[in-house]
2 protein chains.
Amino acid sequence: MSDPALWTALADPHRRAIVALLLERPRPVGEIVEACGLSQPSTSKHLKVLREAGLVRVRQEAQRRVYALDPAPIARLDIWLAPYRELWNRSLDALGSRLDETAPDTPEDPAPKD
Amino acid sequence: MSDPALWTALADPHRRAIVALLLERPRPVGEIVEACGLSQPSTSKHLKVLREAGLVRVRQEAQRRVYALDPAPIARLDIWLAPYRELWNRSLDALGSRLDETAPDTPEDPAPKD
DNA sequence: CAGTTATATGCCGGTCAAGGAATACGCGTG
DNA sequence: CACGCGTATTCCTTGACCGGCATATAACTG
């Protein structure tokens with residue numbers, strides 16, 4: 001949930017790109033290299049980070065190494081997100097009623113000051 | 001969606017802690033400083049990062065500055081997450097049917113090799 | 001077993017982010 | 001208007017990360 005490796009792995013745009021590529025289908029390193037336009041070593045290093053964050057698994061297929069997404073870590077992300085989802089549902093509700101009533105004043109905060 | 005600032009903002013554990021604090025309720029800086037055990041300047045800098053990522057908004061209240069979560073960016077995170085959610089639903093399904101049928105062979109991949 | 005393909009690792013220089021200390025700024029108060 | 005409080009900003013140093021290059025490793029091929 002507050003797994004630092006997971007977040008730092010996803011913090012990099014290239015790595016998010018790789019993750020997006022692997023969402024479509026598992027791919028060998030060569031394909032990923034081509035797709036994201038980085039050098040092969042850089043790509044391998046990014047894959048290492050993703051591997052150590054648990055985001056991807058590797059399957060050795062002859063000389064090729066086929067990388068695939070592991071759903072679990074992203075599921076943890078979703079769990080982390082859950083409490084916040086409630087937050088913006090609340091604010092959508094608020095927006096809805098404001099639009100609905102053509103708000104006379106702006107009740108921005110119900111002041112939940114404990 | 002692929003907003004780099006958002007991800008880098010959340011990549012830091014301290015900042016995620018701040019975000020979690022603000023989920024409970026809006027808070028002035030002093031409270032955040034106490035809660036996360038950092039120096040006041042460090043905390044202010046983290047708040048700046050969160051602000052520039054759009055994750056928080058500030059309300060000036062006398063000398064105090066009260067920070068509150070803005071739901072929108074985390075909603076974008078959720079949108080980013082959506083395609084992956086489908087992925088792990090698929091794998092949960094697969095697990096389910098495997099458990100259900102006491103799998104004779106292991107149909108790991110439906111081979112979506114285009 | 002030599003050669004080739006596919007991937008990983010080590011090393012290096014540049015860049016960037018984090019934390020601490022000192023300081024500046026804004027706002028209310030006497 | 002001087003002062004005090006709460007917060008932001010600057011400067012500095014240190015440590016992490018990124019990318020490229022060269023090289024090592026592993027696996028198939030003949």
Side-chain angles (χ1 to χ4, degrees), chain A residues 2-22 25-70 73 109 113-114, chain B residues 2-22 25-70 73 113:
Chain A
S2 57
D3 188 350
L6 175 58
W7 285 99
T8 54
L10 289 173
D12 185 88
H14 288 136
R15 283 190 298 256
R16 283 200 304 280
I18 293 177
V19 165
L21 281 173
L22 296 182
R25 55 186 153 97
R27 295 174 192 259
V29 178
E31 233 178 282
I32 302 172
V33 168
E34 257 188 283
C36 69
L38 278 177
S39 72
Q40 177 269 314
S42 284
T43 307
S44 258
K45 277 181 272 188
H46 283 303
L47 285 171
K48 182 177 190 174
V49 175
L50 292 172
R51 225 186 306 137
E52 289 175 345
L55 275 162
V56 300
R57 354 180 281 276
V58 208
R59 195 182 36 149
Q60 187 126 9
E61 191 173 286
Q63 311 101 319
R64 234 158 253 132
R65 293 198 172 204
V66 180
Y67 280 80
L69 272 188
D70 187 332
D109 273 22
K113 278 275 167 78
D114 70 324
Chain B
S2 55
D3 187 351
L6 175 59
W7 285 99
T8 54
L10 289 173
D12 186 89
H14 288 136
R15 282 190 297 256
R16 284 200 302 281
I18 293 178
V19 165
L21 281 173
L22 294 183
R25 57 186 151 94
R27 297 174 192 258
V29 178
E31 233 178 283
I32 302 172
V33 168
E34 255 189 285
C36 68
L38 280 177
S39 72
Q40 178 268 316
S42 285
T43 307
S44 258
K45 276 182 274 187
H46 282 303
L47 286 171
K48 181 177 189 174
V49 175
L50 292 172
R51 225 185 307 138
E52 290 176 344
L55 275 161
V56 299
R57 358 179 278 277
V58 208
R59 195 181 37 148
Q60 187 127 9
E61 192 172 284
Q63 312 102 319
R64 234 157 252 134
R65 293 198 171 204
V66 180
Y67 279 81
L69 272 189
D70 187 332
K113 282 268 167 87

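Atoms considered below: every heavy atom in the structure, side chains included; atoms not considered: hydrogens, waters and symmetry mates. Note that the structure is predicted; figures quoted are calculated from it, not measured.
- Between B:L21 atom CG and B:E34 atom CD the span is 11.0 Å, to the nearest 0.5 Å.
- With rounding to the nearest 0.5 Å, the separation of CZ in B:R65 from CG in B:L47 is 10.5 Å.
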Just the atom pairs and distances: protein N or O near nucleotides 14-19 of chain C's N or O, under 3.5 Å.
residue : atom : partner : partner atom : Å
C:dA18  : OP1  : B:R15   : NH1          : 3.0
C:dA18  : OP1  : B:R15   : NH2          : 2.8
C:dG19  : OP1  : B:H14   : ND1          : 2.8
C:dG19  : OP2  : B:H46   : NE2          : 2.6
C:dG19  : N7   : B:K45   : NZ           : 3.4

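- For the helix from C:dC1-D:dG30 to C:dG30-D:dC1, the angle separating the two terminal helix axes comes to 10°, with each axis derived from five pairs and the value rounded to 10°.
- With values rounded to the nearest 0.5 angstrom, A:H46 atom NE2 is found 5.5 Å from A:L38 atom CG.
- A:L10 places its CG atom 15 Å from the P atom of D:dC17, with the value rounded to the nearest Å.
- Nucleotide D:dG6 holds its C1' atom 11 Å from the OH atom of B:Y67, rounded to whole Å.
- The shortest heavy-atom contact between B:P73 and B:L6 is O-CD2, 3.5 Å.
- Taking OG of B:S44 as the reference point, atom CD1 of B:I32 lies at 9.0 Å (rounded to 0.5 Å).
- Non-hydrogen atoms lying under 4.0 Å from DNA chain C are contributed by A:P28, A:V29, A:G30, all within residues 27-35 of chain A.
- Side-chain atoms of A:R15 come within 3.5 Å of backbone N or O of A:A9 as a donor-acceptor pair.
- Interatomic distance, B:L22 CG to B:L50 CG, rounded to the nearest 0.5 Å: 8.0 Å.
- Taking only side-chain atoms of B:P41, from C-beta outward, the nucleotide of C:dA8, D:dT9, D:dG6 with the closest atom is D:dT9.
- Scanning atom types as modelled, no donor and acceptor separated by under 3.5 angstrom connect the side chain of A:Q40 and the base of C:dA6.
- If you take CG on B:L10 and CD1 on B:I18, they are separated by 11.0 Å, rounding to the nearest 0.5 Å.
- The side chain to side chain contact (heavy atoms under 4.5 Å, CB included) test applied to A:Q63 returns no partner, not counting sequence neighbours.
- When each of B:R59, B:R51, B:R57, B:E31 is paired with B:Y67, the side-chain contact (heavy atoms from CB on, under 4.5 Å) condition holds for B:R51 and for no other.
- Rounded to an integer number of Å, the gap from A:R65 CZ to C:dT5 P is 19 Å.
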Please tabulate, one pair per line, each protein N/O and nucleotide N/O from nucleotides 27-30 of chain C that are separated by under 3.5 Å, including the distance.
none

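- Between the side chain of A:R16 and the backbone N or O of A:A11, at least one donor-acceptor pair lies under 3.5 Å.
- Distance B:L50 CG to D:dT7 P: 16 Å, rounded to the nearest Å.
- Take A:R64 and apply the side-chain hydrogen bond (donor to acceptor under 3.5 Å, both in side chains) test, not counting sequence neighbours, and it matches no residue.
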